[in-house]
Amino acid sequence: MRVVRHDDDVSLPGPWELTLEDGTSMTAHGRLPPGVPCGYHQLRRATDGQTMRLIVSPGRCRLPSGQRAWGWAVQLPALRSRRSWGIGDLADLRSLAQWSAGQGASTVLVSPLHASRPAVPQQASPYFPSSRCWRNPLYLRIEEVPGAGGAELHRLAAAGQALNEQRLVQRPRVWELKLGALERLWDRFGGDPDFDHYCDAEGPLLTRYAAFCALSEVHLGAWPQWPAEVRHPEGAGVSAFVSRHRHRVLFHQWLQWLLDRQVARAGVDVDLVQDLAVGVDPNGADAWMWQDVLAPGMAVGAPPDGFNRLGQDWGLPPFDPWKLRAAGYEPFARTLRANLRDGGGLRVDHVMGLFRQYWVPLGTDPRQGAYVRYPSNDLLGVLALESDRARAFIVGEDLGTVEPFVREELARRNVLSSRVLWFEDGSPRDFPARSMASISTHDLPTVAGLWTGADLSDQQRLALEPDAAAVDAVRSRLRDLLGLADNAPLDEVIVAAHRLLAEAASAVVTASLEDALGVLERPNMPGTTDGWPNWSLALPVPLERALSDPRVVAVADTLRRGRASS
């Protein structure tokens, strides 16, 4: 297994036959021939027939086409319109993208679209997905599915839209309604050559994912407790199951085709930047499909730090770095490819995981974990290759405990850094040009939550042991940067904070609708499960009202003017 740059002088002792990705063959004697194109190739040694995968990478990722871009960062479930069925969907995302483009924005960063397991309860966290390669049918706009219409669909739509009256997203009910509608529409589906082409292009991986979904509906519970013959994707019973349940397997393939079409339409007017979670549900589809390259008995997490003194166990099984390398990095490459399709960029959550990951043995205290190194040069080479092929830029979420050389290497590879106002001591004017800047993130206080003290009160009520002095220091720094009094009105603070953000030297800046609307609650409260409605708080107003809200319009105007003039 070799990952090299396209301009490297690569030595290959002995004679080799090189088969390129497109089937072209050439010979290599002692060195890799010049001009080998970037891609996934195969080497075969003439003397003994030994084979080796060769990945040729451009070495550096694509950069954004513009240098003063701005846009919105959105939690899709929260982005409900009046036509939504209780949860924000891809048509809502398209509406935001179209409106944003009209305001001068060029980017929309969207929370992970990853698939959850097809069952109730539906996983609320998009960062604990069943699969990072496929998408969640909850985000489909049912009325845009081929064949939609009729009295029964109208009844289901009315029931779904009634859910918008509640601030909390009711995923079990949304799933029940949408699944019922989709099953009816699938029964009416008469076929489409585009669907056939999609299935052919996605190949066996899509079939395996769809088989997992169908198996999950028959064998309840986690896949490690399934019958032995279907516990592994190569199990003797899987192909027989697919044959017996072919119609249902095709149904799950069809759902992914529908999602692919709706995501593509959402990204027509802007660079749609999708978000790649750091790992997957150990009982989900990816863990089943790629169980042979995961590290058993381990979970990824984070060591104790100033924001979480107890450390974190995320419950996500890590790839075994040696097994991943032996697999030719194919699971990693397929995951990247799936999330770069139909988008202009990709945010890689916890990008430090390409260098090292904090492993926590299952059932132990996160403070007893340890770091495990990963082949970062190889992984960054694959990342650059997929970025180049998709003509999309990459953002690395490099917040928290980061070794200095990591940021240096990411910058050398053209991976944009993340810059968050709450964490930075200096002015945004001093942020690196190759970065994406924001005021906050989904895991941190909103502007309103910080300025009013509501977020600190929430943490204290939840017994999270917040560092009140550190929170007060962030607020004081914001006050000084904005040049405002301690009792400045919240609306004034919101606009001033975005005026400051617009001055960032970063290639891209993003604002959240939660900040623009003065929402007090953060989307996710780390360290909580039942005590906070994580990933389930809709915006306080429907999308139509949000986009005409004077505060949102003022923030958009501030960003447009600031990015044009700075």
Side-chain angles (χ1 to χ4, degrees), residues 5-7 38 57-73 104-110 270-276 278 336 339-340 343-356 376-441 498 500-512 559-560 562-566:
R5 284 184 51 144
H6 68 99
D7 53 359
C38 292
S57 168
R60 289 184 171 87
C61 299
R62 291 267 181 163
L63 287 169
S65 54
Q67 290 300 307
R68 308 298 304 167
W70 70 275
W72 297 96
S106 60
T107 301
V108 170
L109 169 63
V110 63
V270 296
D271 282 337
L272 188 63
V273 181
Q274 299 187 53
D275 198 350
L276 178 66
V278 68
L336 291 174
N339 289 274
L340 283 164
L346 180 67
R347 175 189 179 271
V348 180
D349 190 45
H350 195 67
V351 73
M352 300 83 74
L354 301 182
F355 296 81
R356 66 177 186 178
S376 57
N377 187 66
D378 288 359
L379 296 174
L380 289 168
V382 175
L383 180 63
L385 175 56
E386 294 298 333
S387 164
D388 186 68
R389 289 188 159 184
R391 308 180 72 83
F393 65 90
I394 306 296
V395 182
E397 188 271 297
D398 55 348
L399 307 173
T401 306
V402 186
E403 296 169 293
F405 86 91
V406 169
R407 286 201 174 103
E408 294 170 4
E409 181 63 13
L410 291 173
R412 194 174 72 82
R413 299 284 192 145
N414 289 346
V415 176
L416 303 189
S417 176
S418 295
R419 288 293 183 266
V420 176
L421 192 60
W422 291 168
F423 289 147
E424 302 294 333
D425 292 328
S427 166
R429 296 188 188 95
D430 299 324
F431 290 176
R434 292 183 180 178
S435 67
M436 175 182 277
S438 63
I439 292 174
S440 185
T441 75
H498 288 90
L500 181 68
L501 177 67
E503 297 174 356
S506 307
V508 185
V509 301
T510 60
S512 77
L559 290 171
R560 180 179 63 253
R563 297 303 282 170
S565 63
S566 58

Could you pull out the closest heavy-atom pair between Ser440 and Trp422, with the gap in Å?
OG-NE1, 3.3 Å

I'd like to know if the side chain of Arg563 reaches the main chain of Ala502, judged simply by a donor and an acceptor atom lying under 3.5 Å from each other, with no hydrogens or angles considered.
yes

Take Asp398 and Arg419 through the test side-chain contact (heavy atoms from CB on, under 4.5 Å) and record every step on the way to the result.
CA-CA 8 Å; Asp398 55 348; Arg419 288 293 183 266; 4.1 Å; yes

Picking from Arg413, Glu409, Arg5, what satisfies side chain to side chain donor-acceptor pair (under 3.5 Å) with Asn377?
Arg413

How far apart are the closest heavy atoms of Leu336 and Leu346, and which atoms are they?
CD2-CD2, 3.9 Å

Are the side chains of Leu501 and Pro428 in contact, using a 4.5 Å heavy-atom criterion?
no

Smallest heavy-atom separation, Ala69 atom then Ser106 atom, equals CB-OG, 3.3 Å

Distance, nearest 0.5 Å, that separates CD1 of Ile394 from SG of Cys61
5.0 Å

Taking all non-hydrogen atoms of both residues into account, name the closest pair between Ala511 and Leu559 and its distance.
CB-CD1, 3.8 Å

Rounded at 0.5 Å granularity, tell me how far OG in Ser57 sits from CD in Glu386.
9.5 Å

Minimal heavy-atom distance between Ala105 and Val270, with the atoms involved, is O-CG1, 4.2 Å

Ignoring hydrogens and geometry, is there a side-chain-to-backbone donor-acceptor pair from Arg68 to Ala507 under 3.5 Å?
no

Looking at side-chain heavy atoms only, is the closest gap between Phe355 and Leu410 below 4.5 Å?
yes

As a quick check of understanding, evaluate side-chain contact (heavy atoms from CB on, under 4.5 Å) for Thr510 and Trp72, giving each step before the final call.
CA-CA 5 Å; Thr510 60; Trp72 297 96; over 6 Å; no

Does Glu397 reach the main-chain N or O of Leu399 with its side chain, forming a donor-acceptor pair under 3.5 Å?
yes

Expected output: side-chain Arg347 to main-chain Val273 donor-acceptor under 3.5 Å:
no

About how many Å separate CD of Gln274 and CG of Leu340, when rounded to the nearest 0.5 Å?
8.0 Å

Within a strict 4.5 Å, meaning less than it, do heavy atoms of the Pro58 and Leu385 side chains meet?
yes

Check whether any side-chain N or O of Asp271 sits under 3.5 Å from a backbone N or O of Thr107 as a donor-acceptor pair, and report yes or no.
no

Please round to the nearest 0.5 Å and tell me the distance separating atom OG of Ser565 and atom CD of Glu503.
8.0 Å

How long is the gap from CD1 on Ile439 to CD on Glu424, to the nearest 0.5 Å?
13.0 Å

Heavy-atom closest contact (Trp70 atom, Gly104 atom, distance)
NE1-O, 3.3 Å

Mind running side-chain hydrogen bond (donor to acceptor under 3.5 Å, both in side chains) on Ser506 and Ser435 for me, showing each step along the way?
CA-CA 5 Å; Ser506 307; Ser435 67; 2.7 Å; yes

Side chains of Leu276 and Asp349 in contact at under 4.5 Å (non-hydrogen atoms)
no

Using the side chain to side chain contact (heavy atoms under 4.5 Å, CB included) criterion, which residues pair with Arg434? Sequence neighbours excluded.
Leu63, Asn414, Leu416

Nearest 0.5 Å, please: how far is CE in Met352 from OG in Ser376?
13.5 Å

